Amino acid sequence: MNREEFQQTQEAPYKPLTHTVSWLKKNLFSSWKNTLLTIVFGIISYLIVKNSIVWIFFSADWQVISANFRLLAVGQYPAAEVWRLWICLTLSSVLMGLSWGLWKGTVAHLTIAMVGMYTILGCLPFVMTETRIWLLVNVVVLVTAYVIGKNRPKLKKPLLIAWFLMFPVIVFLLSGFGVFNHVGTNLWGGFLLTLLISLVAIVFSFPLGLLLALGRRSKLPIVRWFSIGYIELIRGVPLITILFIAQLMLPLFMGHGIDINNVIRAMVGFTLFTAAYLAENIRGGLQSIPRGQFEAAESLGLNTAFKMTFIILPQALRAVIPAIVGLFIGIFKDTSLVAVVGLTDILGIGRNIISNPQFLGTQMEVFLFVALVFLIFCNMMSYASRRLEVALGVGKR
Amino acid sequence: MKKHLLALLSILLIFSVVLAGCSEEKAEETKSKSQLDIVKKRGKLVGGVNADIPGFGYVASDGSYSGMDVDITKAIAAAIFGDPDAVEYRPLSAEERFIAVQTGEVDVLARNTTYTTSRDASVGLAFAPVTFYDGQGMMVREDSGIKSLKDLQGTRIAVESGTTTELNLADQMRKLGVTYEPVVFDSQDAAIAAYEEGSVDGFTTDRSGLVSRRSTLAKPDEHFILSEVLSKEPLAPSVKDGDSKWVGVVTWTVYALIQAEEYGITQGNVDTFIDSEDPEIRRFLGVEGDLGEQLGLPKDFVVQIIKAVGNYGEVYNRHLGPDTVFDLDRGPNELWTNGGLMYSPPFR
């Protein structure tokens, strides 16, 4: 099957339809061995596809997804407070739309993908009217912001600042902090929690990893030893162990009275873990920069901070974008490990849902849905990274 | 260089002493207090529950926790605060549940935990009375002709890894001299899937689990649960050891549920019993005497419990009884007056 697909993607798009038969002959039936392979894999693919379709459309009970859609999306976040999540989403839509108008390119593709997702979500038969209205509002907001952004190129800087302020604002809105009703992190769940944990890990591990990478190349011995020790220690331990230590050992060390929330503990664990790997990725980039660049920067009279910020890091980071995005995609998927330590991310809440006596035996449906969600988001991330590479000319310049 | 190192070391030493001092002070502060006072001060109970065992703990579509263990937690909250919703639930995995109790992260653990000697003695838990008598069972296909454990000679049996069920199965089969091939799965979902498609001959887990799993199979009637019980699995809520006041609260909450069923007091008719002439019932419901105050609870804590979740029989029927998919026979979980094991010491 692989072979067929590979060949199809290689040649199919450029041949006119009339050549189909000769194309088939050339690629699939060129010799008796190929013919045999084609027939065998054809039968296997047919069986797989047929059985999947029969299962998906006839025997699967998708009611478990429609009835628990809110749980899968936001976990046990109180229904009366869900409007706060919508506000968060709308705010991101505003920024997304503005960025679309200002930068176009990659952002445009991603934004269009988002609009598409909103539309598909809004058209699903089981979502509530309220959800539809909010989604519609989001689409409208996105497009309006796009139009505004297109005509005001001066907004670029404020927009970047706004993106950075977004995270504290979202956390503030989610938990309430005295202004709204407090919603404890124990109620944050579903895809919301998956997204939050991975966002925190990605955003906070970046500066940390950068410092560690620079620290490992530093001439100051304590800084260097500390960086090496930290990186090697964390890389020598599986992520699940770090999570268990954060969830189980930390409370024992901390003693009574000090109570760190278990969602925060997971976030810290993920951040520390990602930082160590990121540091090694960035160090790889730093090593790829020729000595001449350092010397050139120094001969211009730049001090270390300027040299790094303006000459070395931009080149080093550009070189390792694929590795870094690969790491981030890995972390995004690894967040499902928190289900093992009792947090209700999208996988964890899925496991809780299939324990509901009403939905016993629907694990296939739930797990497939979770897999689909991961598939969509991981693909979006890797698409964004590919576009970013093209835009920055990685491997060309 | 040496001097610097010495200075650094001494600074570290001072730091560690200060830190150690801090934690000891804190520990002493909390030691004198019962968990009950902490819970009361906090205004809500933190209950460690299981969120993925059908019938015992799961998340309903509206996002609320539900199940038999969850109802026990609600009963404790109702006893303390008169409000079954004054609970913060912490879903716990099997690995972290004991540490969560030891560190005081959860006040009470109501999470399908088997009451065993070592857990009582070395893990540092104090168990409340058993809320559900379970036992390990074995499910086989009706047409396989297997009628008892002895017939399992040479078969393949699915078990869940890392659980006591795996060890119990090995013990029992060794005792009977039966050789079999254990097929170990990471989760019950995988084990039951393998059983259903016929790659293994038998599936073993707790009998309550077997019944619930059987109800999800395509043709439940074609499967049969052997009458033999491989092990005793009394499931009980537990709290941290060494806090008799707090153990007392949890213990008597469970007994109150059982005693209420014995008196025939239900969620619906509890108000009519308050005017009862029976001195035992008057004492039980706190109309007379000071049982509640002795436990550190409100006088009418039993009334609050029953209003919140009903009596033991109601809790059982709501989650495992004939109206549910499980339709699990009460068996040993019947009241002692009906030939079961549920027995409450007198409230006096």
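Each chain gets a letter, A, B and so on, in the order its sequence line appears, and its residues count up from 1. These figures come from a predicted structure and were not determined experimentally.
Both the backbone and the side chain of A:Q247 have a heavy atom closer than 4.5 Å to some heavy atom of chain B. In this structure, no portion of B:F56 lies under 4.5 Å from any heavy atom of chain A. Of the atoms belonging to A:R351, heavy atoms from both backbone and side chain fall under 4.5 Å from chain B. For a residue to count as touching a neighbouring chain, one of its non-hydrogen atoms must lie under 4.5 Å from one of that chain's; by this rule A:L71 touches chain B with the side chain only. Interface remark: A:F244 contributes side-chain atoms only to the contact with chain B (heavy atom separation under 4.5 Å). In this structure, the portion of B:I53 lying under 4.5 Å from any heavy atom of chain A is its backbone and not its side chain. For B:R90, the part lying under 4.5 angstrom from a heavy atom of chain A is the side chain only. With a threshold of 4.5 angstrom between heavy atoms, A:A67 approaches chain B through its backbone and through its side chain. Within the 4.5 angstrom heavy-atom criterion, atoms from both the backbone and the side chain of B:S61 approach chain A. For B:V325, the part sitting under 4.5 Å from any heavy atom of chain A is the side chain, from C-beta outward, and nothing else. Only the side chain of A:N186 comes within contact range of chain B, judged by heavy atoms closer than 4.5 Å. Contacts between A:F359 and chain B at a heavy-atom distance below 4.5 Å involve the side chain alone, from C-beta outward.
Cation-pi check for A:R216 over A:Y230 is not met; the charged atom does not lie both under 6.0 angstrom from the ring centroid and within 45 degrees of its normal.
Under the 4.5 Å side-chain criterion, counting only non-hydrogen atoms from C-beta, A:F332 is in contact with A:L195.
Between B:D134 and B:R207 no salt bridge is recorded (no basic side-chain N to carboxylate O distance below 4.0 Å).
Heavy-atom pairs under 4.5 Å with chain A were tallied for B:G57, B:P54, B:G55; the largest tally goes to B:P54.
Side chain to side chain, A:T362 and A:D61 fail the donor-acceptor criterion of an N or O pair below 3.5 Å. For B:D243 and B:Q35, the side-chain atoms include no donor-acceptor pair closer than 3.5 Å. Side-chain contact of B:D62 with B:S64: a donor-acceptor pair under 3.5 Å is present, judged by distance alone.
Pairing each heavy atom of B:F81 with each of B:L45, the nearest pair is CE1-N, 3.9 Å.
Outside the 6.0 Å centre-distance limit, the rings of B:F326 and B:H319 are not counted as a close aromatic pair.
Partners of B:A191 under the side-chain contact (heavy atoms from CB on, under 4.5 Å) rule, at least two apart in sequence or in another chain, are B:A158, B:F185, B:F203.
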